[in-house]
**Q** 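Input: one structure, supplied below.
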Amino acid sequence: MRYRTLNKNWQFNRVYGRGKSYVHPHCVLYVAKNRVGYTRIGLTATKKIGHAVQRNRARRVMRAALAEHLSQNIGGYDIILVARGQTPRLKSTQLSKTLGKLFTKAGLPDKAAPAVPAAE
């Protein structure tokens with residue numbers, strides 16, 4: 001599933017400056033509300049991660065894990081996932097568990113989370 005992307009430097013800087021961050025040893029999640037009405041995604045992996053092969057793998061694993069958790073109708077959020085040193089060595093299922101925890105912390109709706117039955 002394709003998402004709209006953050007692709008301008010000022011968009012990333014806005015999320016880094018105004019957004020809230022949630023840190024885990026596997027990745028960092030930045031979340032900020034936006035006014036455009038749809039969710040935009042940014043995936044980053046710096047040169048600290050490794051050479052191009054490791055950076056591309058880290059982004060690919062993050063993209064696969066994100067597809068399991070993010071439904072497209074959650075409203076207007078800007079979300080940035082930043083790879084950490086361990087990210088290229090993880091499987092997407094391992095990172096998916098991490099993203100589930102980070103989404104819960106951030107208060108984002110998670111399509112992979114089990115539905116909570118309504119109290120009667």
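All residue numbers refer to positions in the sequence shown, counting from 1.
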**Q** Between T98 and H26, do the side chains contain an N or O donor and an N or O acceptor separated by less than 3.5 Å?
**A**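 H26 and T98 do have a side-chain donor-acceptor pair below 3.5 Å.
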**Q** Count the heavy atoms of every other residue, nucleotide or ligand shown that sit under 6.0 Å from NZ of K97, and state whether that count exceeds 12.
**A**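 Open: at most 12 neighbouring heavy atoms sit under 6.0 Å from NZ of K97.
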**Q** Do side-chain atoms of R55 reach the backbone of K47 as a donor and acceptor pair under 3.5 angstrom?
**A**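 Checked: no pair found.
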**Q** Please assess Y38 against R4 for the test side-chain contact (heavy atoms from CB on, under 4.5 Å), listing each intermediate value before the final yes or no.
**A** CA-CA 8 Å; Y38 50 85; R4 296 186 180 171; 2.8 Å; yes
**Q** Before you tell me yes or no, could you show the steps for R14 and D78 under side-chain contact (heavy atoms from CB on, under 4.5 Å), namely the whole-Å CA-CA distance, both residues' side-chain angles and the distance that decides it to 0.1 Å?
**A** CA-CA 9 Å; R14 184 186 151 284; D78 288 338; 3.0 Å; yes
**Q** Looking at every heavy atom in both P88 and G85, which two are closest together, and how far apart are they?
**A**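 Smallest interatomic distance, heavy atoms only, reads CD-O, 3.6 Å.
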**Q** Could you tell me the separation between the NZ atom of K101 and the CG atom of L29, rounded to the nearest 0.5 Å?
**A**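 CG of L29 is found 14.5 Å from NZ of K101.
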**Q** Hydrophobic clusters here meaning ILVMFWY residues chained together by side-chain heavy-atom distances under 4.5 Å, can you tell me if Y16 and Y77 are in one?
**A**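 The answer is no; the residues belong to distinct hydrophobic clusters.
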**Q** So is K20 actually on top of Y30's ring, under 6.0 Å and inside 45° of the axis?
**A**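 So K20 doesn't make the cation-pi contact.
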**Q** Within this structure, what is the CG-CD1 distance for the pair L66 and I79, rounded to the nearest 0.5 Å?
**A**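 If we round to the nearest 0.5 Å, L66:CG and I79:CD1 are 6.5 Å apart.
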**Q** For the CD atom of Q54 and the CZ atom of R89, what is their distance to the nearest 0.5 Å?
**A**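 Reported value, rounded in 0.5 Å steps: 9.0 Å.
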**Q** After noting the C-alpha distance and the side-chain angles of T87 and I49, does the key distance pass the side-chain contact (heavy atoms from CB on, under 4.5 Å) rule?
**A** CA-CA 8 Å; T87 307; I49 302 302; 5.6 Å; no
**Q** Does the side chain of I41 reach to within under 4.5 Å of the side chain of L70, using non-hydrogen atoms?
**A**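 Sidechains of L70 and I41: in contact.
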**Q** Quick check: do L6 and V15 have side-chain heavy atoms less than 4.5 Å from each other?
**A**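 Yes, at least one pair of side-chain atoms sits under 4.5 Å.
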**Q** Working to the nearest 0.5 Å, report the span between CG of L99 and OG of S92.
**A**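 Here the rounded value is 10.5 Å.
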**Q** Report yes if the side chains of R60 and R57 come closer than 4.5 Å at any heavy-atom pair, otherwise no.
**A**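 Touching, per the 4.5 Å side-chain cut-off.
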**Q** Apply side-chain contact (heavy atoms from CB on, under 4.5 Å) to residues S21 and V82 and explain how you reach the verdict.
**A** CA-CA 10 Å; S21 66; V82 180; over 6 Å; no
**Q** Determine the sole option in V28, L95, L43, T44 for which the side chain to side chain contact (heavy atoms under 4.5 Å, CB included) test with L81 is passed.
**A**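 For L81, the side chain to side chain contact (heavy atoms under 4.5 Å, CB included) check succeeds only for L43.
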**Q** Same cluster or not: are L90 and M62 linked, directly or through other Ile, Leu, Val, Met, Phe, Trp or Tyr residues, by side-chain heavy atoms under 4.5 angstrom apart?
**A**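 As far as the 4.5 Å side-chain criterion goes, M62 and L90 are connected within one cluster.
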**Q** Hey, does the side chain of E68 reach the backbone of A65 with a donor-acceptor pair shorter than 3.5 angstrom?
**A**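 Side chain of E68 to backbone of A65, a donor-acceptor pair under 3.5 Å: no, none is there.
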**Q** Over 60° means perpendicular and under 30° means parallel, so classify the ring planes of H69 and F103, tilted if in between.
**A**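 Ring orientation, 0 to 90° scale: tilted.
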**Q** How long is the straight-line distance from CZ of R84 back to OG1 of T46, given to the nearest 0.5 Å?
**A**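 So the OG1 of T46 and the CZ of R84 are separated by 10.0 Å.
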